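One structure below.
What you see is a predicted model; the values in this text were computed from it and never measured. So that the names make sense, note that chain A is the first sequence line, chain B the second, and so on, each numbered from 1.
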There are 2 protein chains.
Amino acid sequence: MAARPTDTKEAILRLGTEFIQTYGYNAFSYADISKELHIKNAAVHYHFPGKEDLLAGIIDQYIHRYRELAKSFGNPGIAAKQKLQAIISRYSLLCEQGKICLIGSVCTDYNTLPESVKTRLTELIELVLGMVEKVLKEGKKKGELQFTETARVKSMLLMTNLAAGVQLARITGQKDYTAICNSLLKQLVV
Amino acid sequence: MAARPTDTKEAILRLGTEFIQTYGYNAFSYADISKELHIKNAAVHYHFPGKEDLLAGIIDQYIHRYRELAKSFGNPGIAAKQKLQAIISRYSLLCEQGKICLIGSVCTDYNTLPESVKTRLTELIELVLGMVEKVLKEGKKKGELQFTETARVKSMLLMTNLAAGVQLARITGQKDYTAICNSLLKQLVV
DNA sequence: AAAATTACTTACCAGTTAGTAAGTATTGTA
DNA sequence: TACAATACTTACTAACTGGTAAGTAATTTT
C-alpha cells in the first residue's frame with residue numbers, strides 16, 4: 001500500500017524460481033504466486049507485466065549469480081576440486097529440497113518460450129558451460145584433474161549428469177544421486 | 001462417425017507423444033490435438049477421458065516398446081556396442097527432429113502428475129535403466145566394454161548424458177550432441 | 001503544501017482449460 | 001431385421017489463464 005522500498009518483487013522472483021524448480025514453468029500461474037504472498041494477481045503484473053517478464057527476471061538473476069561465481073573462480077588460490085565441489089553442492093542442495101535445476105526445467109518448455117527468454121536462456125547456459133570448461137581446463141593444466149575429452153565436451157557431460165541426475169533422484173531416490181556425484185568426482189580428481 | 005476399427009486413438013497417442021517431446025506435458029491441450037486431427041475435443045475425451053489417461057496411455061506404449069527392445073537384447077549374438085548404438089540412435093533421431101526424450105520431458109512436471117502416472121513413469125525409468133545396466137554388465141563381462149563404476153551408476157550416467165544432451169542440443173546446436181555421443185562410445189567401447 | 005511517484009487493490013475481461021451430457025450415424029451381431 | 005456397440009458430434013459448463021484499466025493510499029520530491 002505504500003512507496004517503501006519493496007521486497008515484494010524479490011519475493012515474487014524467489015517464489016517463481018521455486019515453482020519452476022518444483023512444478024515447471026507452464027505448471028504455475030500468477031494466481032499461485034499471489035495466493036502464497038497474500039497479494040492480488042494484479043500486484044504480480046505490476047512488477048512483471050507478463051509471465052515472460054517474470055521468467056526473464058529469474059534468468060537474469062541466475063546470470064548475475066553465475067557471473068559472480070565465475071568471478072570468484074578467478075582466484076587462483078582455490079583448488080579445481082574445490083570449485084567442482086562448489087558446483088556439485090548447488091545441485092546437492094536442490095536434490096535435498098526435492099527441486100530440480102532451473103535450466104533443466106526451463107529447457108523442457110524451450111519451444112513455448114518467447115525469443116527474449118530464449119536468448120537469455122542460451123546466454124545463461126553458455127555462461128555456466130564456459131565457467132565449468134575453464135575450471136576443467138585449469139585443473140587439468142595444474143595436474144589436479146584428469147579427463148580425455150575436450151574441456152567443452154567434458155563440461156557438458158558433467159552438467160548433464162548433474163541436471164538430469166537431480167531429476168532422476170526425485171523419482172528413484174537420493175541414493176542414486178549421491179552415487180552419481182561420488183562417481184563424477186572419483187573419475188575427475190587425480 | 002462409425003464403428004470401423006479406428007486409428008484415431010493411435011493418432012492421438014502419436015500426437016500426444018510428439019507434443020510432450022516438443023512443448024512439454026503442461027504446454028499442450030486437448031484442443032491442440034483435436035485441431036490437428038480435425039476432430040472435436042470430445043472425441044479425444046472419448047478415447048482418453050482425462051489428460052492423465054492420455055499420458056498413462058503414452059507411457060504404457062513406451063513401457064511396451066522398451067520391453068520389446070529389452071527382449072530383443074536377450075539375443076546373445078548381438079554385440080554390446082551394437083546394443084548401445086541402438087539406444088544412442090533413438091536419441092540421435094529425437095535430436096534431429098528437434099524433439100527431446102519423453103521421460104526427460106515428463107520428469108520436469110513430475111510433481112504435477114497424479115499417482116497413477118507417477119507409478120508408471122517410475123516403472124518405465126527402472127525398465128530402461130535396468131535394460132542398459134544389463135547391456136553394460138554383459139559387455140564388460142565379455143570384454144567388449146569398459147567402465148570402473150557399477151553398472152547401475154554407469155547406466156544412469158549414460159542415460160542422463162543422452163536425455164539432457166538432446167535438451168542441450170536444442171539450444172546450443174546438434175554439433176554438441178554429436179560430440180557427446182562420440183565421447184560416450186569412445187569411453188565405453190574397448 | 002502541492003505534485004509526482006510508488007506500490008499496490010478493486011473490479012473486470014476475453015480466451016482457454018479440462019471435462020460432460022445427450023444426440024447421431026455407422027457397423028457388427030443375434 | 002432388431003439391437004447393441006462403436007466412434008464420434010453438438011452443445012454446453014465451471015474454473016482458471018494471463019492480462020488490463022481505473023482507483024487509492026503512502027511516500028518522496030519539488
- prompt: Just checking, is any N or O donor in the side chain of B:E10 or B:Q61 under 3.5 Å from an acceptor N or O on the other one?
  reply: yes
message: Please classify the nucleic acid contact of A:F28 as base, sugar-phosphate, or nothing, using heavy-atom distances under 4.0 Å.
response: sugar-phosphate
task: When you get a sec, tell me which of C:dT10, D:dT10, D:dG19 is the closest nucleotide to the side chain of A:K40?
output: C:dT10
- request: Can you figure out which of C:dT17, D:dT20, D:dT10 approaches the side chain of A:A42 most closely?
  value: D:dT20
Can you find a side chain N or O atom of [X] that sits less than 4.0 Å from OP1 or OP2 on [N]?
| X | N | value |
| --- | --- | --- |
| B:H47 | D:dC8 | yes |
| A:Y46 | C:dA7 | yes |
| B:T8 | D:dA7 | no |
| B:S29 | C:dT16 | no |

A:K40 charged N/C atom sitting above A:Y30 aromatic ring, 6.0 Å / 45°: no
task: Establish, yes or no, whether the cationic atom of B:K51 lies under 6.0 Å from the six-membered ring centre of B:F28 and within 45° of the ring axis.
output: yes
Rounded interatomic separation in angstrom, taking [atom1] from [X] and [atom2] from [N]:
| X | N | atom1 | atom2 | answer |
| --- | --- | --- | --- | --- |
| A:K9 | C:dA7 | NZ | P | 9 Å |
| A:K35 | D:dA15 | NZ | P | 12 Å |
| B:Y30 | D:dC8 | OH | P | 14 Å |
| B:L37 | D:dC8 | CG | C1' | 13 Å |
| A:F19 | D:dT17 | CZ | P | 11 Å |
| B:E10 | D:dA7 | CD | C1' | 15 Å |
| B:I12 | C:dG19 | CD1 | C1' | 15 Å |
| A:N41 | D:dG19 | CG | C1' | 8 Å |

message: With a 6.0 Å cut-off (strictly less than), is the heavy-atom count around OH of A:Y23, excluding the residue itself, greater than 12?
response: no
- request: Might you point out which heavy atoms bring B:V166 and B:C101 nearest each other, and give the distance in Å?
  value: CG2-N, 3.8 Å
